[in-house]
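Worksheet: one structure, shown below.
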Amino acid sequence: MSGLPSQPYKGAKDYYPEDMRVRNYIFTTWKRVVEGFGYEAYDAPLLEPLDLYTAKTGQEIVNEQTYQFVDRGGRTVAIRPEMTPSVSRMVAARRQELGYPARLYSLAQFMRYERPQRGREREFWQMNVDMFGADAVTSDAEIIIIADKLMRAFGADKKMYTIRINNRKMINLMMSEYLGLDVVQSQMMIKLFDRKDKLPREEFDEQARNIFGDEQHFEGMNKISKLLQASSMAELPRELLDSESVREVQELFTLLHESGVDNAAFDISLMRGFDYYTGMVFEVFDNHPDNNRAMFGGGRYDGLVGLFGVEPITTVGFAPGLTTMELFLEAHGLMPQLPSTTDVYVVTLGDVHKQARKLAQDLRDEGVRVALDSTGRKLDKQIKTAVKHKINYLLFVGEKEVDSGVYRLKDVLNETEQELSLERIVTTVKDRRRKQKQAVTPDPDDLGVDL
RNA sequence: GCGAACGUAGCUCAGUUGGUUAGAGCGCUGGUCUGUGGAUCCGGAGGUCGUGGGUUCAAGCCCCAUCGUUCGCCCCA
């Protein structure tokens, strides 16, 4: 025995059936919500030319955090670390025939060479949701409404999370017109705002003063404290309220409010990927004390499709991650009991294998998912196996049942038992399956989806 | 990339100032039972203490390195 290590690659995870139940639950819930808004599935290659990423972001991130190699044909390729460049490429390639607005989503895995931490892995799964070719504020609103519905679809209530919203255009306006900063100063100030909650107040102030330089800092600091005090749009300094970008943000909040998104808050310190966002940015924050963090976010990035040498196409989107969603559901006690995909486990008593096999096949022909215990083991072992696999029903098949055509079907969870014919077994199981599906994934009608 | 903690059976963990053959619960397995046993009772297997060096008469325990996990920083496209 040489003993090859059985653990998975660093930062990657094995998905056993119990893990897949969770993953499938989250994915199908996501799918149902975004498809309810008319988004259609797409996918892209796992590998892309490295250039696709260097063109978009800082060289440093690409070099340090992508898995890259030279293929046999000498091309430098990378395992995709995100979906946005790929989907932008796809849109650019068929820009004439997509039909706008184009609503697209994907469920895909990615790899980044990072230090694994809680909620952050090297291999991870995300859903990417993007709308192309729609620049009205209503599309910004739609994206945030979807993010909100995503949370509600898992049974989250508005106390459990907060949606924080800001706008890059508005920030740029504040930096240049209101605070009077040049481009370089603005960049520094934006980074500083982003780190506001991580710095002690004195250090924040000192760094802000440094950015202003000597002459302006007194007035500048005054204005900054006015900005930071604003917990809603209405509290912003009067000089700003008149601008177009501010009005746009106000309109966004009105739209959200009308759609029942009432836990969205304006947050001037929210910056998020300042390298390519061009308008609205938002983040969904987990309010649970054990898990206080930004879960996922997104925003408007109108410049990416244009990088492919075609006329720019406006884009707004977001991307929730599987692991963070899982941590959220666990922290808030929202993870349901997830049964096996197998409906029925056939337990055999005595020498009835042939008949049990036939019964199992008959049930399968009727659309029931059946696993047959063909081991001939003792009753308790057979039952234990079914329970371990979280299978909903046990079906006892012995000589008595074979003779009568009436079988004992046991509901494992409720520990109730019925004597049923084959037809009744089929309807009982399917009925239960339908109810369970509704309980685990609420009907889209209950989500209050409209826009 | 930086700082810190942890790593003992499949899982959760105990293991005295370094001192004989390293323990428990759960799980697994065999029997009991022989149509609900998913229980009870009785038995059993399973660990080169993450790995490799070192100190020592003696290392699960001390030292170094390495791998992995976790937490914080950086970053988070």
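Hydrogens, waters and symmetry mates are skipped; everything else that's a heavy atom, side chains included, is used.
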Select one nucleotide: of [options], the one nearest the side-chain heavy atoms of [X].
X         : options                   : result
Arg115(A) : rC28(B), rC2(B), rC71(B)  : rC2(B)
Pro116(A) : rU70(B), rU36(B), rC75(B) : rU70(B)
Lys384(A) : rC28(B), rC75(B), rU70(B) : rC28(B)
Lys10(A)  : rC76(B), rU69(B), rU36(B) : rU69(B)
Lys381(A) : rG30(B), rA4(B), rC75(B)  : rG30(B)
Lys378(A) : rC33(B), rG27(B), rG68(B) : rC33(B)
Arg120(A) : rU36(B), rC76(B), rC2(B)  : rC76(B)
Gln117(A) : rU36(B), rC71(B), rG68(B) : rC71(B)

Cation-pi check, [X] to [Y]: give yes when NZ or CZ is under 6.0 Å from the six-membered ring centre and within 45° of the ring axis, no otherwise.
X         : Y         : value
Arg164(A) : Phe285(A) : yes
Arg103(A) : Phe37(A)  : no
Arg272(A) : Tyr277(A) : no

Going by purine N1 to pyrimidine N3 plus the second Watson-Crick contact, or the G-U wobble pair, all under 3.5 Å, which nucleotide sits opposite [N]?
N       : answer
rG7(B)  : rC67(B)
rC62(B) : rG54(B)
rA22(B) : none
rG43(B) : rU29(B)
rC2(B)  : rG72(B)

Side-chain heavy atoms of [X] within contact of [Y], under 4.5 Å:
X         : Y         : answer
Leu107(A) : Trp125(A) : no
Gln355(A) : Glu399(A) : no
Tyr9(A)   : Met111(A) : yes

Report the distance from atom [atom1] of [X] to atom [atom2] of [N], rounded to the nearest whole Å.
X         : N       : atom1 : atom2 : value
Glu121(A) : rC76(B) : CD    : C1'   : 14 Å
Leu327(A) : rU70(B) : CG    : P     : 11 Å
Arg272(A) : rC75(B) : CZ    : C1'   : 13 Å
Arg377(A) : rU36(B) : CZ    : C1'   : 16 Å
Leu379(A) : rU32(B) : CG    : C1'   : 15 Å

- Using only heavy-atom distances, decide whether a donor-acceptor pair under 3.5 angstrom links the side-chain of Glu417(A) to the base of rU36(B). yes
- Message: With hydrogens left out and only the distance checked, is there a donor-acceptor pair under 3.5 Å joining Arg195(A)'s side chain and the base of rC74(B)?
- Response: no
Pick the [atom1] atom in [N] and in [M], then give their distance to the nearest Å.
N       : M       : atom1 : value
rC26(B) : rA14(B) : C1'   : 15 Å
rG7(B)  : rC76(B) : P     : 34 Å
rC11(B) : rU55(B) : P     : 33 Å
rA39(B) : rU29(B) : P     : 12 Å
rC13(B) : rG52(B) : C1'   : 27 Å
rG68(B) : rG60(B) : P     : 25 Å
rA24(B) : rU34(B) : C1'   : 33 Å
rU66(B) : rG27(B) : C1'   : 32 Å

- So, is Lys410(A) close to the rU36(B) phosphate, meaning a side-chain N or O under 4.0 Å from OP1 or OP2? no
- May I ask you to verify if any side-chain N or O of Lys388(A) is less than 4.0 angstrom from the OP1 or OP2 atom of rC28(B)? yes
- Parallel, tilted or perpendicular: which describes the rings of Tyr25(A) and Phe154(A), with under 30° parallel and over 60° perpendicular? perpendicular
